[in-house]
Amino acid sequence: MTPAIVCRNLTKQFGAFRAVDAISFDVQPGEIFGFLGANGAGKTTAMRMLCGLSYPTSGEATVAGYDVYREQEKIKRKIGYMSQKFSLYENLTVRENITFFGGIYGLSDKVLKEKREAMIGTLGLSNEAGKLVGSLPLGWKQKLAFSVAVLHDPAIVFLDEPTGGVDPITRRQFWDLIYAAADRGITVFVTTHYMDEAEYCDRISIMVDGRIEALDAPRLLKERYHAADMQDVFYQLARKAVRSDN
Amino acid sequence: MRTLRFLLQKEFRQIFRDRSILPMIFLMPTIQLLILPQAADFDVRSITLAVVDQDHSTYSRQLVSKVLATGYFHLTGMETSYQAALRYVEQDRADLILQIPAGFERKLVRENAQSLFVAIDAINGSKASIGGSYLTSIIGDFNNQIRFKWTGQMPSLLDIVYSHWYNPTKNYKNYMVPGILVLLLTLVGGFLSALNIVREKEIGTIEQINVTPIRKWEFILGKLIPFWVLGLVVFTLGLTIARFVYGIIPLGSIPLLYLFAGVYLIAILGFGLLISTYSQTQLQAMFVAFFFIMIFTLMSGLFTSTDSMPFWARVLSFLTPVTHFIEVVRMIVLKGSTFAEVRNQFGYLVLFAVFLNGWAILNYRKTS
């Protein structure tokens with residue numbers, strides 16, 4: 001089976017600053033791949049290159065078999081994306097947002113309507129479907145944004161810190177949605193700060209200063225670093241970081 | 001095409017849901033059309049006048065009352081010395097000083113000649129020159145009256161008969177209202193479209209759009225069409241106000257006006273789009289749009305005739321789409337010009353539309 005994502009020495013340079021420094025990894029189809037790193041490690045930049053939002057400076061990568069330099073628009077047909085910033089339209093209702101994004105991904109009216117109503121049911125938003133998205137609590141917005149990102153059944157979904165700022169219960173519910181998507185065969189590429197979430201992933205990579213320092217299943221990483229939990233593994237690696245937020 | 005349908009549906013929903021956009025689109029033009037033509041009026045009235053009457057004769061009083069009777073002048077001071085009158089000018093209480101020297105009547109009767117002195121505060125150039133020439137012609141008229149009284153014959157004069165075409169009453173509003181209409185379309189098209197797109201950048205939704213397989217032209221059309229429609233609605237509103245408030249009924253063809261408005265809006269929307277592709281924040285877009293619209297407006301001949309500009313300014317004015325559209329609107333509304341008479345301007349506007357939109361589309365990137 002061809003990998004969902006192939007990445008070889010992918011690099012992004014902003015002037016003198018090397019945000020992403022020759023990272024290499026493969027992601028297998030159906031895998032939940034955790035992309036960890038401290039703030040400023042280069043996670044978002046790497047993800048933006050894979051989504052076709054930003055040109056790499058050098059290196060190679062394919063996403064769903066398409067080249068990130070030349071076939072970005074083909075990649076975009078195959079992926080879903082949920083950015084760090086909440087990016088559904090706050091001044092549209094739940095139903096209108098779903099219709100809009102489903103529509104621009106080319107779902108037919110009939111399919112769109114079925115999926116929309118099913119999604120509203122699954123999320124328990126029946127009473128809120130006609131309300132503006134801006135009026136929903138953050139946790140609900142995040143779950144909605146995720147569901148919209150996988151509405152068109154993409155091969156891969158990219159999630160950039162999807163659970164930032166929400167409570168543990170909502171995060172758990174969010175991960176149930178991720179598992180459900182993975183069960184449908186969608187590859188999940190997710191960045192996170194929460195180490196308990198790292199444990200939910202099939203494999204994780206830890207980025208430090210633009211480079212990937214470690215990449216394996218959580219269990220194997222804990223063994224290798226003689227750590228009790230992922231938190232400890234992360235500390236051991238991220239402590240070496242030279243660059244910081246500021 | 002299907003994608004476009006969803007984009008348009010979304011844009012219209014957002015526009016009609018935004019509490020600030022609709023008032024901006026409908027109230028702002030109405031208020032501007034009601035207020036601006038009243039203020040931007042180059043007819044000079046109520047010129048303040050200080051009189052230094054050192055003669056105190058029948059003739060001097062007759063002259064002063066004749067000047068005041070025209071209604072253009074407002075007497076703010078009667079002084080006996082020039083120095084005292086000059087204080088009025090210094091304090092900005094008088095635009096003009098008319099000095100009638102002592103012995104005015106006597107000399108006029110005996111020697112058949114007399115001189116008057118007029119001092120003008122020339123800070124406001126047009127007011128000064130127009131006020132000065134009004135006063136001169138009133139004095140000339142006064143002079144003729146006296147001669148007629150004494151000699152019983154009218155002085156031979158070249159009498160000039162004017163015929164004012166296209167704006168027979170020389171009503172300044174007829175000139176201004178079509179111009180302001182153009183300004184409104186420029187604001188709606190240029191500002192709102194630029195701000196709308198940059199707002200999506202600011203709140204991050206544009207990234208969500210850029211990561212979809214949506215095509216560039218679909219996204220751009222989805223943004224331009226709603227504002228194009230709104231622009232034409234504003235234009236219609238403007239024409240209605242011009243008709244019912246100012247009694248200005250276009251002499252030329254209305255469909256021709258709309259044809260031009262449609263093309264002009266495409267050009268100016270392209271301009272807004274172009275700004276949005278270079279701006280990251282609404283503040284940036286606002287300042288850049290304001291800067292250009294200011295230049296466009298002042299260079300376009302809205303307030304001052306482009307013919308009296310220096311050559312370089314006329315070139316600049318020619319390179320401004322607003323100029324051509326103002327010209328056309330005035331020609332069609334006031335002169336009743338037909339397409340044949342404005343086809344050059346049509347060509348220019350089409351060029352602007354293609355150029356600005358082409359540049360904007362080239363510069364809009366889904367991948368940075």
Side-chain angles (χ1 to χ4, degrees), chain A residues 12 14 44-45 47-56 63 66 68-93 95-109 112 132-134 145 148-149 151-152 154 157-158 160, chain B residues 1-25 192 195-226 277 280-282 361-368:
Chain A
K12 180 80 182 191
F14 295 109
T44 301
T45 310
M47 185 181 267
R48 286 173 50 85
M49 286 191 281
L50 296 175
C51 292
L53 286 172
S54 161
Y55 286 105
V63 174
Y66 296 116
V68 293
Y69 290 92
R70 288 172 288 107
E71 298 172 309
Q72 289 129 335
E73 295 307 304
K74 285 184 183 156
I75 290 176
K76 286 170 186 173
R77 246 181 271 272
K78 292 284 182 189
I79 62 168
Y81 173 71
M82 181 179 163
S83 82
Q84 212 167 356
K85 263 184 172 175
F86 174 74
S87 45
L88 295 183
Y89 291 96
E90 304 233 333
N91 54 1
L92 292 181
T93 66
R95 201 171 256 125
E96 287 165 352
N97 265 295
I98 303 171
T99 309
F100 173 68
F101 283 103
I104 59 176
Y105 275 108
L107 300 185
S108 73
D109 287 340
L112 183 54
L132 296 187
V133 163
V148 169
L151 178 66
H152 57 290
V157 64
F158 289 89
D160 196 0
Chain B
M1 267 310 154
R2 228 179 97 75
T3 310
L4 191 57
R5 189 188 95 196
F6 285 101
L7 280 166
L8 290 175
Q9 189 183 41
K10 162 202 163 260
E11 289 301 331
F12 277 113
R13 275 179 175 154
Q14 287 184 307
I15 288 169
F16 284 106
R17 204 160 282 162
D18 191 324
R19 285 170 190 277
S20 64
I21 282 191
L22 280 187
M24 214 145 85
I25 288 169
L192 291 186
L195 290 184
N196 180 288
I197 298 170
V198 178
R199 192 159 81 148
E200 291 222 19
K201 278 193 190 178
E202 266 184 8
I203 57 181
T205 45
I206 197 137
E207 192 153 279
Q208 201 64 50
I209 296 284
N210 285 343
V211 84
T212 69
I214 207 165
R215 289 192 191 87
K216 240 162 61 160
W217 65 264
E218 289 171 329
F219 177 74
I220 287 172
L221 276 184
K223 286 291 180 192
L224 297 193
I225 291 173
T277 62
Q280 293 309 317
T281 64
Q282 291 191 74
I361 291 169
L362 276 180
N363 202 50
Y364 173 70
R365 296 238 154 71
K366 285 182 72 185
T367 308
S368 58

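Numbered from 1 within each chain, the chains take letters A, B, ... in sequence-line order.
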Review point. Is the number of heavy atoms from other residues, nucleotides or ligands within 6.0 Å of NZ (Lys10(B)) greater than 12?
Key: yes
**Study point:** Segment of Leu88(A) engaging chain B (4.5 angstrom heavy-atom cut-off)
**Key:** backbone
Review point. Has the side chain of Arg2(B) got a donor or acceptor atom that lies under 3.5 Å from a matching backbone atom of Leu107(A)?
Key: yes
Check your understanding: Looking at Tyr89(A), Tyr105(A), Tyr55(A), which one has more heavy-atom pairs under 4.5 Å with chain B than the rest?
Key -> Tyr89(A)
Review point. Measuring from Asn210(B):CG to Ser83(A):OG, what's the distance to the nearest 0.5 Å?
Key: 11.5 Å
Point to revise | Under-4.0 Å salt bridge between Lys85(A) and Glu207(B) | key: no
Exercise for review: For the pair Lys76(A) (side chain) and Ile214(B) (backbone), establish whether a donor and an acceptor sit closer than 3.5 Å, ignoring hydrogens and angles.
Suggested key: no
Check your understanding: Heavy-atom distance under 4.5 Å to chain B: side chain of Phe101(A), backbone, both or neither?
Key -> side chain
Check your understanding: Out of curiosity, Thr99(A) OG1 to Gln9(B) CD, how far, rounded to the nearest 0.5 Å?
Key -> 7.0 Å
Check your understanding: Measuring heavy-atom distances to chain B, does Gln72(A) have an atom under 4.5 Å in its side chain, in its backbone, in both, or in neither?
Key -> side chain
Revision key, fill the gap. So OG1 of Thr205(B) and CG of Leu92(A): to nearest 0.5 Å the spacing works out to 9.5 Å
Review point. Where does Leu4(B) contact chain A at under 4.5 Å (heavy atoms): side chain, backbone, both or neither?
Key: neither
Revision key, fill the gap. Taken to the nearest 0.5 Å, the spacing of Glu218(B) CD from Ile104(A) CD1 works out to 9.0 Å
**Study point:** Interatomic spacing from CD in Gln208(B) to CG in Leu53(A) - rounded to 0.5 Å
**Key:** 9.0 Å
Point to revise | Test log, rule side-chain contact (heavy atoms from CB on, under 4.5 Å), inputs Glu90(A) and Ile203(B) | key: CA-CA 10 Å; Glu90(A) 304 233 333; Ile203(B) 57 181; over 6 Å; no
